[in-house]
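Given the structure is predicted, the values throughout are model-derived calculations rather than measurements.
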Amino acid sequence: QVQLVESGGGLVQAGGSLRLSCAASGRTFSNYTLGWFRQAPGKERELVAAITWSGGTTYYSDSVKGRFTISRDNVKNTMYLQMNSLKPEDTAVYYCAYTPRTTVVVTPEWYTYWGQGSQVTVSS
């Protein structure tokens, strides 16, 4: 079992910044990929960013590229999502997710463990 605990969501005005954190614990593989998904009401869950174990490969969706930065600290088993220049359309529940795969995968089905979700609301 792998446990993922998120923190850092909240309410921010458009143009502001937030940082999400995701702490992993339990029986993690030694080389795993983490991702941040989001789901807005009435929409499908989408991958916004992902990072491999070494951090050598990252993925960003077109909608967040240039504004969000994903990173991880493998000593602390923690992943971060720095979100800058936030827009109202970034409003969603954000989930961190774990996959034992060593490469970035974009569909939710590849991720086997999920955090509880963290609400991010951007006001206009």
Side-chain angles (χ1 to χ4, degrees):
Q1 287 282 347
V2 174
Q3 292 79 42
L4 301 173
V5 179
E6 303 171 24
S7 60
L11 172 65
V12 66
Q13 288 188 332
S17 299
L18 284 173
R19 189 175 83 153
L20 300 178
S21 299
C22 174
S25 61
R27 300 184 65 180
T28 60
F29 286 84
S30 61
N31 186 356
Y32 58 92
T33 295
L34 294 172
W36 287 101
F37 285 79
R38 69 184 181 188
Q39 188 165 22
K43 295 189 177 181
E44 293 187 353
R45 191 169 296 192
E46 63 166 341
L47 180 68
V48 296
I51 187 167
T52 56
W53 171 261
S54 67
T57 300
T58 57
Y59 164 90
Y60 296 97
S61 67
D62 288 342
S63 60
V64 307
K65 201 172 294 183
R67 300 187 297 121
F68 290 12
T69 303
I70 191 171
S71 61
R72 65 189 289 173
D73 182 336
N74 291 333
V75 173
K76 297 180 179 179
N77 283 337
T78 301
M79 173 178 66
Y80 305 95
L81 185 67
Q82 178 66 43
M83 304 183 291
N84 297 329
S85 302
L86 282 161
K87 305 175 181 180
E89 51 263 45
D90 294 318
T91 295
V93 178
Y94 284 70
Y95 299 90
C96 64
Y98 164 103
T99 175
R101 293 184 63 87
T102 59
T103 58
V104 171
V105 286
V106 299
T107 56
E109 292 74 19
W110 286 108
Y111 291 79
T112 51
Y113 294 99
W114 295 81
Q116 78 280 9
S118 186
Q119 178 69 47
V120 171
T121 303
V122 184
S123 63
S124 57

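- To the nearest 0.5 Å, the span separating OG1 on T112 from CD on Q1 amounts to 9.5 Å.
- Side chain of T78 to backbone of A23: no donor-acceptor contact under 3.5 angstrom is found.
- V12 and L81 fall within the same hydrophobic cluster, defined by Ile, Leu, Val, Met, Phe, Trp and Tyr side-chain heavy atoms under 4.5 Å apart, directly or through other members.
- Between K65 and D62 a salt bridge is recorded (basic side-chain N to carboxylate O distance below 4.0 Å).
- Atom CD of Q82 is separated from atom CG of L18 by 8.5 Å, given to the nearest 0.5 angstrom.
- Between the side chain of S85 and the main chain of R67, no donor-acceptor pair closer than 3.5 Å is present.
- With ring centers used as reference points, W114 lies under 6.0 Å from F37.
- Residue I51 holds its CD1 atom at 8.0 Å from CG of L34, rounded to the nearest 0.5 Å.
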Checklist entry - Run the side chain to side chain contact (heavy atoms under 4.5 Å, CB included) check on L86 and F68 step by step: do they pass? => result CA-CA 9 Å; L86 282 161; F68 290 12; 3.8 Å; yes
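- With hydrogens and angles ignored, the 3.5 Å screen pairs a side-chain donor or acceptor of T33 with a backbone N or O of R101.
- Considering only heavy atoms from C-beta on, T91 comes within 4.5 Å of Q119 through its side chain.
- Residues V122 and L11 fall into different hydrophobic clusters, defined by Ile, Leu, Val, Met, Phe, Trp and Tyr side chains chained together at heavy-atom separations under 4.5 Å.
- Residues V104 and A50 come closest through the heavy atom pair CG1-CB, 3.8 Å.
- Considering CG of N77 and OH of Y98, their distance stands at 10.0 Å, rounded to 0.5 Å.
- In this structure, Y113 OH and L4 CG are separated by 9.5 Å, a value rounded to the nearest 0.5 Å.
- Between D73 and Y80, the closest side-chain pair of non-hydrogen atoms falls below 4.5 Å.
- With a 6.0 Å cutoff to the six-membered ring centre and a 45° limit on the axis angle, R72 counts as a cation-pi contact of Y32.
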Next on the checklist: Working note: R38 + V64, criterion side chain to side chain contact (heavy atoms under 4.5 Å, CB included); need CA distance, chi angles, decisive distance, verdict.
Outcome noted: CA-CA 11 Å; R38 69 184 181 188; V64 307; 3.9 Å; yes
Item to check | Derivation of the side chain to side chain contact (heavy atoms under 4.5 Å, CB included) call for D90 and M83 | outcome: CA-CA 9 Å; D90 294 318; M83 304 183 291; over 6 Å; no
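- In this structure, G9 and L20 approach most closely via the heavy-atom pair N-CD2, 3.5 Å.
- Here the OH atom belonging to Y111 is positioned 5.0 Å from the CG atom belonging to L47, to the nearest 0.5 angstrom.
- Between the side chain of E6 and the backbone N or O of C96, at least one donor-acceptor pair lies under 3.5 Å.
- No donor-acceptor distance shorter than 3.5 angstrom exists from the side chain of S124 to the backbone of P88, with no hydrogens or angles considered.
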Next on the checklist: Please determine whether side chain to side chain contact (heavy atoms under 4.5 Å, CB included) holds for the pair I70 and Y60, giving the CA-CA distance in whole Å, both sets of side-chain angles, and the decisive distance to 0.1 Å.
Outcome noted: CA-CA 9 Å; I70 191 171; Y60 296 97; 3.3 Å; yes
